[in-house]
Peer 1: 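Starting off with a structure, shown below.
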Amino acid sequence: MAEAGQGPAVLLLHGFPELWYSWRHQLRALAEAGFRAIAPDLRGYGRTDAPADVRSYSLRNNLADLTGLHDALGIDSAALVGHDQGATIAWAAAQLMPRRFPAMIALGVPYPARPPLPITQLIRKNYPGKFNVVLYFQQPGVAEAELDADAARTLRMTMYALSGEAPVDLVPRWLLDTPEPSGFLTPLPDPGAPSRWSPWLSDAELDYYADEFKHTGFTGAIRRYRTFDFDWSDLPEVGTLPVHQPTLYITGEFDSAYRFSSLDPMRALVPGLRDIITLPGCGHWTQQERAREVNDHIVSFLHSAYAPGDPLRSTQDG
């Protein structure tokens, strides 16, 4: 866990394949704006424990990690900021524990409505014969062998492909048109070191990610995907409950989580939605690709929607 600042707590939840480090720009900005910014490695990532039992990575357990972190730090409540898988967890937390989480910011992933079938069944029904990341991650050992073989290569190829620096048609071809069987990296180009292509990720920053994943491998991160069907049965209310808390949605124009999702469930089930902000030319790595803009939007929203003295902040959920 990384932490900076004093004041109302703001909990920052990263996505795949990231770490607390993806919030490095936000930690300082939030601290300077008068908030206590807290960015943990999610379960299975970085310096956390990585249990062997796949069920340990369930949504229920990830939510318990958030409340456990609250209790360990003596925090009654915190604003949530989530990106990618962190946003999915944040949306569930906002639905189930609104008093603990009185303000919500989602990056990339809009409110995910409950699907009519478990996610792997739905994917197989809607995209027969197509490669899909969620399906590829289901079989133990397969994805790990590919991604662990060269952590730096895996990370630079993934970060490039999903960024605003890549050709606009790369992600649709990869995620929608790649036939089975395929590896995760097989359809992707290797762009080389970030210094060759990225204005927002330095070689040293990629090295930090790579060193952490060389140490842990990608297994803990991948196991979260193996609980999706269990989560569908275990927490059937998630994706059906409204979010009344003040909510901000920020996305990159070319973020796959935005391009291939509908915002209709969010508009219908998030009465607290204050604004939808789309960053032109930005890809999936929102808080890294557009750090200054994202910081400004987050701070402005929190000052207006999460001011000290908010009565919701003084009460805990049971």
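All values derive from a computational prediction rather than experimental measurement. Heavy-atom basis, side chains included; hydrogens, waters and symmetry copies ignored.
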Peer 1: About how many Å separate CG of L107 and CH2 of W23, when rounded to the nearest 0.5 Å?
Peer 2: 4.5 Å
Peer 1: With hydrophobic residues grouped by side-chain heavy-atom distances under 4.5 Å, do F254 and L175 end up in a single group?
Peer 2: no
Peer 1: What heavy-atom pair brings A39 and W20 nearest, and what distance separates the two atoms?
Peer 2: O-CB, 3.1 Å
Peer 1: Please step through ring pair (Phe, Tyr, Trp, His ring centres under 6.0 Å) for the pair W285 and Y160, ending with a clear verdict.
Peer 2: CA-CA 10 Å; W285 316 106; Y160 169 75; over 10 Å; no
Peer 1: Where do W232 and P115 come nearest, in terms of heavy atoms and distance?
Peer 2: NE1-O, 2.9 Å
Peer 1: So, the side chain of Y45 versus the backbone of T216: is there a donor-acceptor pair under 3.5 Å, distance only?
Peer 2: no
Peer 1: Got a sec, which residues hit side chain to side chain contact (heavy atoms under 4.5 Å, CB included) with R274, two or more places apart in sequence or on another chain?
Peer 2: P246, F301, S304, A305
Peer 1: According to a 4.5 Å side-chain heavy-atom criterion applied to Ile, Leu, Val, Met, Phe, Trp and Tyr, with indirect links allowed, do L135 and F16 form part of one hydrophobic cluster?
Peer 2: yes
Peer 1: Tell me if a side-chain donor or acceptor on D203 pairs with a main-chain N or O of S195 at a distance below 3.5 Å.
Peer 2: yes
Peer 1: Shortest non-hydrogen contact from Q26 to N295?
Peer 2: NE2-OD1, 2.8 Å
Peer 1: Please, which pairs that meet side chain to side chain donor-acceptor pair (under 3.5 Å) have at least one residue in residues 109-137, sequence neighbours excluded?
Peer 2: Q95-Y111, T120-D229, Y136-E146
Peer 1: List in chain and number order the residues that pass side-chain hydrogen bond (donor to acceptor under 3.5 Å, both in side chains) with S300, two or more places apart in sequence or in another chain; answer none if no residue qualifies.
Peer 2: none
Peer 1: Please say whether the positively charged group of R226, taken as NZ for Lys or CZ for Arg, lies over the ring of Y57, i.e. under 6.0 angstrom from the six-membered ring centre and within 45 degrees of the axis.
Peer 2: no
